[in-house]
Amino acid sequence: MSIVIDKTKCVGCGKCVHICPGNVLRQDVQKKAYPEDPSDCWSCVSCMKECPVQAISILLPMEISAGGGRMKIRRDGNITAWEMEKTDGEKIVITTDTNEANKY
Ligand code: SF4
Ligand code: SF4
């Protein structure tokens with residue numbers, strides 16, 4: 001999987017650059033984020049969780065979404081919404097609560 005950054009949405013906050021454990025991301029002269037070498041990304045999704053405007057999405061592998069698709073992450077307090085959209089338009093949203101991370 002690899003991430004894709006929508007520069008039209010990016011507000012140049014730099015949060016993704018600072019959180020990336022692989023030092024993959026950079027900012028251009030307009031402060032817009034981009035992956036210097038996408039092959040260095042190991043899809044940990046930390047940058048997606050950190051982005052305040054959902055500018056970063058990840059391409060889903062065929063095992064999850066035949067024919068492609070993308071996922072975005074939206075966070076609101078303890079709740080994380082994992083929003084998947086397949087190429088046929090089908091949308092799937094899974095929510096998790098960090099307060100229940102050790103529940104089971
Ligand atoms: S998914 Fe993880 S490794 Fe890849 S760019 Fe984002 S923070 Fe870095
Ligand atoms: S966290 Fe989002 S808005 Fe901020 S620099 Fe990265 S992509 Fe742009």
Side-chain angles (χ1 to χ4, degrees):
M1 295 194 286
S2 63
I3 60 155
V4 177
I5 299 178
D6 183 344
K7 284 193 172 185
T8 64
K9 289 186 176 178
C10 175
V11 294
C13 68
K15 289 184 175 182
C16 59
V17 176
H18 295 297
I19 201 74
C20 177
N23 196 25
V24 175
L25 301 172
R26 302 284 183 273
Q27 287 177 282
D28 64 19
V29 292
Q30 295 178 312
K31 301 292 185 187
K32 305 282 187 178
Y34 67 95
E36 185 172 59
D37 184 350
S39 67
D40 286 339
C41 170
W42 63 78
S43 307
C44 71
V45 307
S46 296
C47 56
M48 295 169 61
K49 289 179 177 175
E50 203 68 17
C51 181
V53 292
Q54 288 83 46
I56 310 173
S57 58
I58 196 162
L59 301 176
L60 295 171
M62 293 295 285
E63 293 86 348
I64 295 176
S65 175
R70 292 187 180 206
M71 182 179 74
K72 290 187 176 185
I73 296 175
R74 186 182 305 274
R75 294 180 84 185
D76 183 11
N78 298 325
I79 304 299
T80 303
W82 307 74
E83 303 174 347
M84 287 162 271
E85 182 169 357
K86 298 182 179 182
T87 51
D88 63 4
E90 181 185 1
K91 294 181 180 177
I92 300 170
V93 180
I94 298 171
T95 57
T96 55
D97 185 339
T98 53
N99 284 340
E100 297 185 350
N102 298 314
K103 186 175 180 181
Y104 301 104

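Note that the structure is predicted; figures quoted are calculated from it, not measured. Order of appearance sets the numbers: ligands from 1, and atoms from 1 within every ligand.
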Which of the atoms in ligand 1, numbered in the order shown and given with their element, are less than 4.0 Å from a heavy-atom of [X]?
X	result
W42	3 (S)
P21	7 (S)
C20	3 (S), 5 (S), 7 (S), 8 (Fe)
V45	1 (S), 2 (Fe)
I3	1 (S), 5 (S)

Practice item. Check for a donor-acceptor pair, side chain of K32 on one end and backbone N or O of C10 on the other, with a separation under 3.5 Å. Key: yes
Check your understanding: Counting backbone and side chain alike, does C51 bring an N/O/S atom below 2.8 Å of atom 4 (Fe) of ligand 2?
Key -> no
[X] heavy atoms, cut-off 4.0 Å: which ligand 2 atoms fall inside?
X	answer
G14	4 (Fe), 5 (S)
V53	3 (S)
I56	7 (S)
C16	1 (S), 5 (S), 6 (Fe), 7 (S)

Nearest neighbour in protein (non-hydrogen) for [atom]:
atom	answer
atom 8 (Fe) of ligand 2	C10 SG, 2.3 Å
atom 3 (S) of ligand 2	V11 N, 3.3 Å
atom 4 (Fe) of ligand 2	C13 SG, 2.3 Å
atom 2 (Fe) of ligand 1	C44 SG, 2.3 Å

Testing [options] one by one against [X] for a side chain to side chain contact (heavy atoms under 4.5 Å, CB included), which residue passes?
X	options	result
V93	E83, K72, M84, R74	E83
I3	C16, C41, S43	C41
I5	C51, P35, S57, P38	P35

Check your understanding: Just heavy atoms, cut-off under 4.0 Å: does P35 contact ligand 1 by side chain, backbone, both, or neither?
Key -> neither
Review point. Strictly under 2.8 Å, is any N, O or S atom of C41 next to atom 2 (Fe) of ligand 1?
Key: no
Exercise for review: Evaluate the side-chain proximity of K86 to I92: yes if any heavy-atom separation is below 4.5 Å, no if none is.
Suggested key: yes
**Study point:** Beyond-backbone contact of K7 with D28, side-chain heavy atoms, under 4.5 angstrom
**Key:** yes
